[in-house]
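Down below is the structure, laid out as structure tokens.
Just so it is clear, the model here is predicted, and its values are computed rather than measured.
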Amino acid sequence: MFFPLSKLIYFVITPSNFFILIGLVGCVLMFGGWTPRLGRGLALLGFAGLFLGGLLPLSTWIALPLENRFPRFADDGAPVTGIIVLGGAVETQTTLARGQLSVNDAGERQIAFADLARRYPQARLLFSGGSGLLGTDGTSEAEIVSRFADTLGLPRTRLILEDRSRNTHENARFSADLIKPVAGERWLLVTSAWHMPRAMGCFRQAGFDVTAYPVDYRTMGWSDAWKLKSFASDGLLVLDLVVKEWIGLIVYRLTGYTDAVLPASAPSTD
């Protein structure tokens, strides 16, 4: 019950929506003649929020602790038992409507899936992703991946599909139930770098020991920390994304889905 609540909270307090709403309320109060002083203050606050979140590197500062939490995977030659890719990149409705595979700005997850399948020809391939639509039986991402396996260059004979999960907690739990991992196996977990801490925390809580394979970075690293954005929309897009992720991390810690607010490379010993 808590994860849908976190989505509702995020929808209400999405930074870009919030700043726009504050600015609109301010304009109404100011030009409506009711409380012009308060209206001016709110309009200024809304504009300042859009400026800070859109053009200044505020989104970068909030994203970097997430993206840098787990290092890039370095192949040390140890055998890879399997590869797990989490859903979130496939646009199911657009794919069905247009008849061709459509991915969003997290499409690097699918690119990495195809690349790793080629690099590790003996590894098992698990895709975890349901419909993500609460209360409905929409087409799952796993089904779309199965339909377009040839487009992605994925061998169907190696594909394992988990199509029930609606969130990261269920990704981990259902994947563990399906795979029944054995100690000593090496499974690579592929998801966006900003999402990796929450995903790793969930898999640990599910008793599934995985190795992080982060993709889909939204920053270049600390070199971005003092750079202005070229377009306000770019900064606001990342800001909305990482604020949602921080909300998810807090909610998941409160519900016990992870063992830390910000899971790290080494499991928490608290």
Side-chain angles (χ1 to χ4, degrees), residues 1-15 62-71 73 81-89 106 109 126-136 138 140-142 160-216 240-270:
M1 63 181 268
F2 286 97
F3 190 70
L5 177 60
S6 73
K7 286 189 173 182
L8 176 62
I9 293 173
Y10 168 66
F11 178 80
V12 173
I13 65 170
T14 297
I62 299 175
L64 282 172
L66 299 173
E67 292 196 333
N68 290 348
R69 196 65 170 172
F70 288 85
F73 174 75
T81 305
I83 297 147
I84 306 169
V85 176
L86 302 189
R109 300 185 193 187
L126 170 63
F127 182 86
S128 176
S131 70
L133 301 176
L134 299 174
T136 67
S140 70
E141 284 192 62
I160 305 169
L161 301 173
E162 185 286 296
D163 61 1
R164 296 184 296 150
S165 57
R166 298 166 299 171
N167 54 51
T168 309
H169 165 64
E170 292 183 351
N171 284 144
R173 185 161 63 90
F174 295 158
S175 294
D177 290 343
L178 190 60
I179 293 299
K180 294 179 173 50
V182 177
E185 292 182 338
R186 188 183 209 182
W187 286 82
L188 304 184
L189 178 63
V190 179
T191 189
S192 300
W194 46 266
H195 178 241
M196 188 60 77
R198 184 155 57 105
M200 289 294 290
C202 287
F203 272 80
R204 286 170 181 164
Q205 287 295 80
F208 199 158
D209 184 22
V210 293
T211 299
Y213 193 100
V215 296
D216 180 30
D240 288 348
L241 184 71
V242 294
V243 165
K244 169 187 176 294
E245 191 56 32
W246 279 105
I247 291 173
L249 282 164
I250 293 169
V251 172
Y252 269 40
R253 180 66 187 100
L254 292 175
T255 55
Y257 291 166
T258 62
D259 63 352
V261 172
L262 189 61
S265 294
S268 173
T269 56
D270 295 340

I want to check something: taking the side chain as every heavy atom from C-beta on, are Phe208 and Ile84 in contact at a cut-off of under 4.5 Å?
yes
Would you mind reporting whether Leu189 and Leu86 have side-chain heavy atoms less than 4.5 Å apart?
yes
Is any side-chain heavy atom of Tyr257 closer than 4.5 Å to one of Thr168?
no
Check each of Ser140, Ser128, Ser175 against Glu162 using the side-chain hydrogen bond (donor to acceptor under 3.5 Å, both in side chains) test, and report the only one that passes.
Ser128
Side chains of Asp216 and Thr191: does their closest heavy-atom pair fall under 4.5 Å?
no
Distance-minimising heavy-atom pair for Ala176 and Ala206
CB-O, 4.0 Å
List the steps and the verdict of side-chain contact (heavy atoms from CB on, under 4.5 Å) for Thr258 and Leu249.
CA-CA 8 Å; Thr258 62; Leu249 282 164; 5.7 Å; no
So which heavy atom on Trp187 is nearest to which on Ile179, and how close?
CZ2-CG2, 3.4 Å
Shortest non-hydrogen pair, Val210 vs Met200, comes out as O-CE, 3.4 Å
Arg164 versus Glu170: any side-chain heavy-atom pair under 4.5 Å?
no
Run the side chain to side chain donor-acceptor pair (under 3.5 Å) check on Asp240 and Thr14 step by step: do they pass?
CA-CA 6 Å; Asp240 288 348; Thr14 297; 5.4 Å; no
CG (Asp209) with more than 12 external heavy atoms under 6.0 Å
no
Do Pro263 and Arg69 come close enough that some side-chain heavy atom pair is under 4.5 Å?
no
Decide yes or no for Tyr252 and Asn167: does some side-chain heavy atom of the first lie under 4.5 Å from some side-chain heavy atom of the second?
yes
Closest heavy-atom pair, Pro65 versus Leu262, reported as atoms and distance to 0.1 Å, is O-CD2, 4.3 Å
Any non-hydrogen side-chain atom of Val261 less than 4.5 Å from a side-chain atom of Pro197?
no
For Ser192 and Arg109, what are the C-alpha separation, side-chain angles and deciding distance, and is it a side chain to side chain donor-acceptor pair (under 3.5 Å)?
CA-CA 7 Å; Ser192 300; Arg109 300 185 193 187; 3.0 Å; yes
How far does CG of Leu66 sit from NE2 of His195, to the nearest 0.5 angstrom?
10.5 Å
Nearest heavy-atom neighbours spanning Glu245 and Trp194
CG-O, 3.3 Å
